[in-house]
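Worksheet for the structure shown next.
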Amino acid sequence: MRFQTLKGFHDILPDDFRYWRHVLNMAVDLADRFGYLQLSPPILEETRLFLRGLQEGSAVVLDKELYSFEDKDGAQISLRPEFTASVMRAYVEHGMHTWPKPVKLFAIGPLFRHEKPQAGRFRQHVQFNAELLGEEDPAADLEIMQLAYSLYDELGFQELTFQLNSIGCPNCRPAYIEKLIAYFEAHLDRLPEVDRRRLSVNPLRVLDTKEPETLALLENAPRSIDHLCNECDAHFRSLTGYLQALELPYVVNPRLVRGFDYYVRTVFEVWGAELGAQNALCGGGRYDGLVESVGGPKTPGVGVGIGIDRIVISMRGQGIEPPPLPHPLIMVLHRGDAAKVEAVRLVSDLRRNGVPALLAFGKRSLKSQFKSANRARVRFALVLGEDEIAQNAVTVRDMESGEQTLIARPKLISWLQARLDIR
RNA sequence: GUGACCAUAGCUCAACAGGCAGAGCACCUGGUUGUGGCCCAGGAGGUUACGGGUUCAAGCCCCGUUGGUCACCCCA
């Protein structure tokens, strides 16, 4: 058997990079405009970091999907499954709580989860992640949401909407969850097996069920936004007020939840055109207790994670074309050994002057070199032979029109730069 | 972890009811001197994912494995 990528892993090929470069450039540019600073935590961290402070059920699930290893010195380490934990760790480790508030950070890189591959879900995927730390203002929630929205919007995505919910805080949520449990327990006979289990493991999760029976029950189920404390309610109202002021489309979705319990108040997703079972392009929310959970001071935070692989898949599906990648516009052809040396020199000279250029390798016939030039889709083929060398000149062939001109060597670079719109 | 569908050349796909494994695209060479694209001729490329079984005979039928796709579970 030949070698192939591991299950759930894939190569990102040159053709994919038409999209990748565009998306990544756009993301970085946007982060700059919003005033976020880039950081890049290591891909490997202590396993405990990723399991910190989670309720038992969650920790088991998480552990199962974690790529964990024992290092040669016996340390328990894992490939990061998310950015947030690493960013929190870096925040505390480097004393960022002493930086002027808020601290706004972003990171781009691969994340790893040992899960069964599915549409838009891989074992390795690349995420663009932004966090805003040390600020409670609902305008901070808005900013994170807007950052995500702008990325999709400026890439050309259509029909974008926010799905928005508030799941309260440690003050008001327990009472709400009790009400929710009570409601479902009253209808236990109509609740499918899957959701009965959810109800006992992670009650909020029942809200985003796919069971038709449960969906019907949810029509009359208590909603978290109706059970917020005064502070949470005010926060939510301000946020929706800002969204309205900016005319950003949003839908309050009382069924929107997160799987982990460190989220407070705001949870959101951006939805676009269908992507199989997942129509969420990205998800984010507020997590005021996270910094504390890795040993730092109590610090509010909001963040979002944006899957780049998913963006690229979606762009392909919707026929959004990225700008073409730059490619060499010149190929230098040659005839004879003396000319070959000159050709090598010329290519090097061109590149030094910012002209992307290719050398015809080997010593094949001019005919075959022209064939290569044609396939490389260059704009000009430069020919060096005995005649040209004798005159210290180069024959320039326009590969589109077939027109040929003899250009004196000293004038060549500027002649090309003018025509190729370089500098 | 559970389930469904799928796997033939680099890519997209053919191959009657089980009877010699093919096409298009891409690739390489040639069509005589220092000129590409179009055209023409030729070439290379396969253990039909892998392992077993049934059969005179398996790409095709049966079992298993691996991988892919999709959904469930889960979702940082």
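Every chain is numbered from 1 and lettered A, B, ... according to where its sequence line falls, protein lines coming before strand lines.
- Both cation-pi conditions hold for A/Arg419 and A/Trp415: the charged atom is under 6.0 angstrom from the six-membered ring centre and inside a 45 degree cone around its axis.
- Taking the six-membered ring wherever Trp is involved, the centroid distance between the rings of A/Phe122 and A/Phe9 does not fall below 6.0 Å.
- A donor-acceptor distance shorter than 3.5 angstrom exists from the side chain of A/His227 to the backbone of A/Arg223, with no hydrogens or angles considered.
- Considering only heavy atoms from C-beta on, A/Val264 comes within 4.5 Å of A/Arg173 through its side chain.
- Applying the side chain to side chain donor-acceptor pair (under 3.5 Å) test to A/Glu269 and every residue at least two apart in sequence or in another chain returns A/Arg258, A/Trp271.
- Residue-to-nucleotide contacts include a donor-acceptor pair under 3.5 Å from the side chain of A/Arg121 to the base of B/rC74.
- Checking A/Thr84 against A/Glu211, the closest nucleotide of RNA chain B that is more toward the 5' end is the one next to A/Glu211.
- The nearest whole Å value for the distance from the NZ atom in A/Lys7 to the P atom in B/rU65 is 12 Å.
- A salt bridge links A/Glu321 to A/Arg18: one of the charged nitrogens lies within less than 4.0 Å of a carboxylate oxygen.
- When the P atom is compared between B/rG18 and B/rA71, the two are found 34 Å apart, to the nearest whole Å.
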- Query: In dot-bracket, 5' to 3', how would RNA chain B read with Watson-Crick or G-U wobble pairs under 3.5 Å, [ ] for crossing ones and | for pairs to another strand?
  - Reply: (((((((..((((.....[..)))).(((((.......))))).....(((((..]....))))))))))))....

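- Between the side chain of A/Thr209 and the backbone N or O of A/Arg205 there is no donor-acceptor pair closer than 3.5 Å.
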- Item | Protein proximity profile, nucleotides 33-38 of chain B - base contact B, sugar-phosphate-only contact S, no contact -, cut-off 4.0 Å on heavy atoms | -BBBB-

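- When rounded to the nearest whole Å, the span between CD of A/Glu45 and C1' of B/rA76 equals 14 Å.
- Salt bridge status for A/Glu46 with A/Arg89: absent, with no side-chain N to carboxylate O gap under 4.0 Å.
- If you check every strand for non-hydrogen atoms under 4.0 Å, A/Gly303 touches nothing.
- Note on A/Gln118: every side-chain N or O is 4.0 Å or more away from OP1 and OP2 of B/rU69.
- Counting non-hydrogen atoms under 4.0 angstrom, A/Arg364 reaches nothing in the nucleic acid.
- Between the side chain of A/Lys116 and the base of B/rU2, at least one donor-acceptor pair of N or O atoms lies under 3.5 Å.
- A pairwise comparison of heavy atoms in A/Val394 and A/Arg409 identifies CG2-CD, 3.9 Å as the closest pair.
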